[in-house]
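Chain letters run A, B, ... following the sequence lines, proteins first and then strands; every chain starts at 1.
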Number of protein chains: 2
Amino acid sequence: MVIGQRNTQQRRKIREVFEKAGRPLNVDEVHGLVREILPGLGIATVYRAINDLVEEEWLKPVELPGRNNSYELSNLGHHHHFICEDCDKVFDLQGCPGQMKDLVPEGFKARTHDITIYGICEHCNQD
Amino acid sequence: MVIGQRNTQQRRKIREVFEKAGRPLNVDEVHGLVREILPGLGIATVYRAINDLVEEEWLKPVELPGRNNSYELSNLGHHHHFICEDCDKVFDLQGCPGQMKDLVPEGFKARTHDITIYGICEHCNQD
DNA sequence: ATCGTTGCAAACTCTTTGCAGGATT
DNA sequence: AATCCTGCAAAGAGTTTGCAACGAT
C-alpha cells in the first residue's frame with residue numbers, strides 16, 4: 001500500500017542502505033546489509049518493503065539479463081548498467097549511445113531499451 | 001552429456017521447432033509447440049534436451065531482463081534482441097551501435113554487452 | 001485502540017534431479 | 001543387451017502470501 005505506511009525500524013534501515021549504496025542492490029544484498037544492524041530481519045519483510053517502495057516509485061526495479069532483480073533509487077534518469085563478472089556487483093553508467101531506432105526493422109515500433117555491459121569493475125581490476 | 005546422444009522423437013521435434021522458429025524460444029514455447037505433435041511430452045524432457053543442446057553449443061541461451069531464458073541457434077553471430085510488449089515474443093535484431101567502451105568509466109574494463117529494445121512488433125503494430 | 005508491519009511457515013513458480021520403465025543403438 | 005532417454009514426482013531456489021503477534025500512530 002502506498003498511503004498509511006508506518007515508519008518502522010526495518011523500513012527505515014532498508015531505505016538507508018539504498019541511499020548509502022550508490023549502486024543497485026538486490027534482495028539478498030539488502031537483507032545482508034540490514035541484518036548487520038537488525039539481525040532478526042526476515043527475508044519476507046525485505047520483499048514486502050521493496051515492493052511497497054517500488055509501488056510508491058521511490059525505488060525502481062533494475063531488470064538484468066540472467067539474474068534476479070536489483071533495485072535503485074527512482075530519481076536517476078535514463079542510464080544503463082555494468083555488471084562485474086568477478087564480484088558480481090551492479091554499477092550505474094552515465095550516457096547512452098542512442099541510435100537505437102536504427103536497429104529496429106520496418107514495421108516495428110521501439111519504445112525504450114536496456115543496455116548491460118559486462119566486464120571487470122575498478123576494484124576487481126586492481127588484483 | 002555431449003557424446004552418445006540418441007536421436008529420439010522428442011529431441012528431433014525440439015530441434016525442429018528451433019529451426020523453424022527463426023526467433024528465440026523459451027522453455028514453455030518449446031513445450032507448447034512440440035506438444036502439438038507429441039502431447040505426452042514432459043516439461044523435464046524439454047529442460048534436459050535444451051540443456052544438452054546448449055552444452056554441445058547447438059543452442060545459445062538468450063538471457064533477457066526480467067524474464068526466463070529463451071534459447072536460439074548458436075550460429076547467429078553478434079546481435080541484439082527486441083521484446084514485443086504486446087505479444088511478449090522475442091525477436092532478433094541486426095546490427096549494433098558500437099561505442100560501448102565510451103560508457104565505461106576509467107578503471108573499468110568492458111568485455112561484452114547486451115542490448116534489449118522494447119516496443120511493439122510488426123504483427124501487433126497492425127492492430 | 002486501531003490497523004499497518006513483522007517473522008515464520010506454507011504456497012507458488014521455475015528449474016533440476018531421482019527413479020523405474022521404455023526406446024534407441 | 002546395454003545404456004541413454006522419458007515421464008512422473010519430489011526437491012531446490014527465489015518470491016509471495018496467510019496468520020497471529022507486535023508496534024507505530
Fill in: side chain to side chain contact (heavy atoms under 4.5 Å, CB included) between B/H81 and B/D92, worked out
CA-CA 5 Å; B/H81 295 98; B/D92 289 323; 3.2 Å; yes
Worksheet item: Is the shortest heavy-atom distance from the side chain of A/L103 to the side chain of A/H113 under 4.5 Å?
Response: no
Item to complete: Ignoring backbone atoms, establish whether A/T8 has a side-chain N or O less than 4.0 Å from OP1 or OP2 of C/dT6.
Response: yes
Discussion item. If you only use heavy atoms from C-beta on, which nucleotide in C/dG7, D/dT6, C/dC14 is closest to the side chain of B/N68?
Written reply: C/dC14
Worksheet item: Of all the nucleotides listed (C/dC3, D/dG14, C/dC8), which has the minimum atom distance to the side chain of A/R6?
Response: C/dC3
Fill in: Given D/dC8, C/dT25, D/dG14, the nucleotide with the shortest approach to the side chain of B/N7
C/dT25
Worksheet entry | A/R11 CZ to D/dC22 P, straight-line distance once rounded to whole Å | 19 Å
Worksheet item: Do the non-hydrogen side-chain atoms of B/H31 and B/L41 ever get within less than 4.5 Å of each other?
Response: yes
Practice prompt. Return the nearest nucleotide to the side chain of A/Q5; candidates are D/dT16, C/dT5, D/dT6.
Written response: C/dT5
Item to complete: Round to the nearest Å and state the distance from B/N26 atom CG to C/dT15 atom C1'.
Response: 13 Å
Fill in: Spacing between B/N69 atom CG and C/dT13 atom C1', to the nearest angstrom
15 Å
Worksheet item: CG of B/L38 versus P of C/dG22: gap in Å, rounded?
Response: 18 Å
Practice prompt. Let me know the distance between NZ of A/K13 and C1' of C/dG7, rounded to the nearest Å.
Written response: 19 Å
Worksheet item: Is A/N51 near enough to D/dT16 that one of its side-chain N or O atoms lies under 4.0 angstrom from OP1 or OP2?
Response: yes
Worksheet item: Which nucleotide sits closest to the side chain of A/T45: D/dT15, C/dG7, C/dT16?
Response: C/dG7
Worksheet item: Which part of the nucleic acid does A/I43 contact within heavy-atom distance under 4.0 Å: base, sugar-phosphate only, or nothing?
Response: nothing
Fill in: Candidate nucleotides C/dC8, D/dA24, C/dT15, ranked by approach to the side chain of B/V27 - the nearest
C/dT15
Worksheet item: In whole angstrom, what separates A/Q9's CD from C/dG4's P?
Response: 21 Å
Worksheet item: Within this structure, what is the CG-to-P distance between A/D52 and D/dT15, rounded to whole angstrom?
Response: 16 Å
Worksheet, complete the sentence: Comparing B/A44 with A/A49, nearest DNA chain C nucleotide closer to 5' gives the residue A/A49
Worksheet entry | Rounded distance (Å) that lies between atom P of D/dC5 and atom OH of B/Y47 | 19 Å
Discussion item. Quick check against the 3.5 Å criterion: does B/N125 have a side-chain atom that pairs as donor or acceptor with the backbone of A/G107?
Written reply: yes
Item to complete: Report the C-alpha separation of A/R15 and A/E19 in whole Å, then their side-chain angles, then the decisive distance to 0.1 Å, and conclude whether the salt bridge (charged side-chain N to carboxylate O under 4.0 Å, His left out) test is met.
Response: CA-CA 6 Å; A/R15 275 183 260 117; A/E19 281 165 341; over 6 Å; no
Fill in: Under-3.5 Å donor-acceptor pair between B/R48 side chain and C/dG18 base
yes
